[in-house]
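See below for the structure under consideration.
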Amino acid sequence: MRWTQTLIPTLKETPAEAEITSHKLLLRAGLVRKLAGGLYTFLPLGLRALRKVERIVREEMNRAGALELLMPAMQPPEIWERSGRYVTASEVFFKVRDRARKEWILGPTHEEVITTLVAGEINSYRQLPKNFYQIQTKFRDEIRPRFGLMRAKEFIMKDAYSFDATDELAQVSYQKMYDAYARIFQRCGLKAIAVEADTGVIGGKFSHEFMVPAETGENEVAYCESGQYAANIEKAASKGSLIPTPNLSTGGNPEEFATPGVVTIEALGAAPYGVAAHQQIKTLVYVVDSKIVLILMRGDDQLNEVKFMAKAGATQVRPAGVEECFGALGAKPGSLGAVKSTMTGDKIQIFADESLRGAKGMTTGANKDGFHLRHVEIDRDIEVTQWFDLRTVKAGELCVATGQPLKIGRAIEVGHIFKLGTKYSEKLNAMFLDESGKQQPAVMGCYGIGVTRTLQAIIEQSNDKDGIIWPLSVAPYAVCLTPLSIVAGSPVMALAEKIYAELEAQGVDVILDDRDERPGVKFKDSELIGFPIRVGIGEKSLAKGEVELKLRGGVLTPVKVEEAVAKVLELVKGTA
RNA sequence: CGGAGCGUAGCUCAGCCUGGUAGAGCACUUGGUUUGGGACCAAGACGUCGCAGGUUCAAAUCCUGUCGCUCCGACCA
């Protein structure tokens, strides 16, 4: 490609809309342009990089035995009603109506469609296993699109769905995808780690997320440096708080004491009360699937809502409002408690965090504004309905696998794999006859990669002050030819044309910067965009019979003119 | 959905407080001089000051509403 024939609108200044490095560079390097919030046009250069990521994904999915197909982006709501997700996933839907006013859903994902397909086409265990995938635009009405391609209303996803005859075989399919994902991200030049994850609204048994460590990531990951444990903070467990829970009796029965104006853990921990946070029981009032429940945490712990939803099997969870708290317990937040003797109204379910087991000498709210209770012993004074691990892990706590301290870091989720089980196959009737002639639901897995997000994650992870540093595998062009003069017929331009033609003939992705610009402009642009290899051709070096080879981020190396093409080919083919 | 900030030329922004001819730099066009790390000179083209209403002799500027964009939050009582 000749630079003057394409459109590469680089920007010297950063557009005001971009906050994080990768978003700024996407715009500055002329890869994408925004149409509206969360909606982006891929310009020629950006599309080339995107296609390269897609190609890697496609090659690895094919290698893993998955079959590419393409499903409609527009879906009938009926199949979502059958799966039960019409309600649970409704918040992410973009809906449209046709001329008959019938409603359609722009697909946020395709479990319902693929399962409907399989229900019709697969009838025998002999046809299994099957794994279908597609690379397609998804639509999600995100609460807040942000950071360019990171979280957009419309984005490109690779989604795959496996169908197996048994749970054991489904595990094999899952492992194949796990391995394929590791290869995909590695080939994209990304350092991605697999972490244990919650399954969320998709449902299913267990899952892994592929995370790219980055300060700007939207997720938190707890991990052990041994590499033996890593989990999304929403899922992560540890050996518990480093501060043990008090378990020695401090006195007799719960005793009320006045705490005027004290409504926070911190205030009760300060003088004149001096009740340390870990000696307090925090009483959270939640509305869980329309029912009021209490959740008890140690004062210094944070409730992990995702864990709670998973363990309690809840689908909709929100903290209760002040009025709801008052209605249930007769006091406002800050003085709430779960001690039997202070609870007067209807019976409320009480869920308690494991860390409170056997706790004695605790302090909690008295269900009377401005009062707390001390000498609370949980087993004696509180009727706990069920115990769960509900706390959010903190950095420094010990790893359940190795006993080493856990670290917590931020990361970008680029892929997610789920073992689904038979939830969808049962609801959408994807049944097959097994060897004994018995009807069985197919055991499913589903596997997603945010292709556009992966592209941006690569930039987020690989850049410097001058711009993007593309890995060779996904660079829009591998080689940028930079003649410092473009006068037709001049020795410099003649050589540039010759090298250009030879590299093109060899199938190398090469761009010839034939713009009538000063050298500084060409250098700056090539570094901003981040072409892995630059071949500079100027009069000074040509006088010595040389051209200048520069790897992005590396040093300038003179190369003999006659060796230039061979040297570039070595670099491109990775044999250098 | 709540909070905060911002909407002025293609981009980055000034002007707004204190109402009175719409600005700068970059980018763009033409000519010239330059030519190894984002050149210089000259001339030019480019705007319903987000939109709507109001106040006023007069609104980019003040008021109201609205739309859009960005960030934070939407759980810790």
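A, B, ... follow the sequence lines: proteins, then strands. Residue 1 opens every chain. This one's a predicted model, so the numbers in the text were calculated from it and none came from an experiment.
Rounded to whole Å, atom P of B:C6 lies 17 Å from atom NZ of A:Lys34. In this structure, CG of A:Leu27 is placed 15 Å from P of B:C69, rounded to the nearest angstrom. In this structure, the NE2 atom of A:His23 is 14 Å from the C1' atom of B:C11, given to the nearest Å.
Pair assignment for B:C69 gives B:G5, based on Watson-Crick or G-U wobble hydrogen-bonding distances that are each under 3.5 Å. Summarising the base pairing, B:G36 is matched to no nucleotide, lacking a Watson-Crick or G-U wobble pair whose two defining distances lie under 3.5 Å. B:C76 is unpaired under the Watson-Crick or G-U wobble criterion, no partner having all donor-acceptor distances under 3.5 Å. Across every strand in view, B:U29 sits in a pair with B:A43 that passes the Watson-Crick or G-U test at under 3.5 angstrom. Across all strands shown, the partner of B:U64 is B:A52, judged by Watson-Crick or G-U wobble contacts whose two distances both fall under 3.5 Å. Across all strands shown, the partner of B:C57 is B:G20, judged by Watson-Crick or G-U wobble contacts whose two distances both fall under 3.5 Å.
Contacts of A:Ala18 with the nucleic acid, taken as non-hydrogen atoms under 4.0 Å apart, are absent.
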Which nucleotides of nucleotides 34-46 of chain B have their base under 4.0 Å from a protein heavy atom (B), which only their sugar-phosphate (S), and which neither (-), written as one string 5' to 3'? BSBBBB-------

Going 5' to 3' through nucleotides 72-77 of chain B, assign each nucleotide B (protein heavy atom under 4.0 Å from a base atom), S (under 4.0 Å only from sugar-phosphate atoms) or - (no protein heavy atom that close). B-BBBB

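Using atom P as the reference point in both B:C62 and B:G68, the two lie 23 Å apart (nearest Å). To the nearest whole angstrom, the two C1' atoms, one in B:C46 and one in B:U30, are 15 Å apart. For the P atom pair drawn from B:G50 and B:A42, the interatomic distance equals 32 Å after rounding to whole Å. For the P atoms, the distance from B:U33 to B:U12 is 35 Å, rounded to whole Å. B:G65 and B:G3 are spaced 13 Å apart, taking the P atom of each and rounding to whole Å. Atom P of B:U8 sits at a distance of 14 Å from the matching atom of B:C69, rounded to the whole Å. Straight-line distance between the C1' atoms of B:C75 and B:G2: roughly 14 Å, to the nearest whole Å. Distance noted for atom P between B:U56 and B:C49: 22 Å (whole Å).
Proximity of a side-chain donor or acceptor of A:Arg2 to a complementary backbone N or O of A:Asp513 within less than 3.5 Å is not detected. Although no hydrogens or angles enter the test, the distance criterion places no donor-acceptor pair under 3.5 Å between the side chain of A:Asn232 and the main chain of A:Val221.
Between A:Phe94 and A:Phe139, the ring center distance fails the sub-6.0 Å criterion.
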Which donor-acceptor pairs under 3.5 Å do the side chains of residues 6-16 of chain A make with protein atoms, sequence neighbours left out?
residue : atom : partner  : partner atom : Å
A:Thr10 : OG1  : A:Asp525 : OD1          : 3.0
A:Thr10 : OG1  : A:Asp525 : OD2          : 3.4

In sequence, state the C-alpha distance, the side-chain angles, and the governing distance for A:Val568 and A:Leu549, and then conclude on side chain to side chain contact (heavy atoms under 4.5 Å, CB included). CA-CA 8 Å; A:Val568 169; A:Leu549 193 66; 3.9 Å; yes

Quick one: do A:Leu390 and A:Asp301 satisfy side chain to side chain contact (heavy atoms under 4.5 Å, CB included)? Show the steps, please. CA-CA 9 Å; A:Leu390 297 174; A:Asp301 278 338; over 6 Å; no

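Residues A:Leu472 and A:Ala478 share a closest heavy-atom pair of CD1-CB, 3.8 Å. Scanning both residues, A:His23 and A:Glu17, for their nearest heavy atoms gives CE1-O, 3.9 Å.
In terms of position along RNA chain B, the nucleotide closest to A:Thr14 lies nearer the 5' end than the nucleotide closest to the other residue of the pair A:Gly148 and A:Thr14.
For A:Glu17 against B:G7, a side-chain-to-base donor-acceptor contact under 3.5 Å is absent.
Ring pair A:Tyr86/A:Phe93 is tilted by interplanar angle, where 30° to 60° counts as tilted. Using bins of under 30°, 30° to 60° and over 60° for the plane-to-plane angle, the ring pair A:Tyr286/A:Phe308 lands in the tilted bin.
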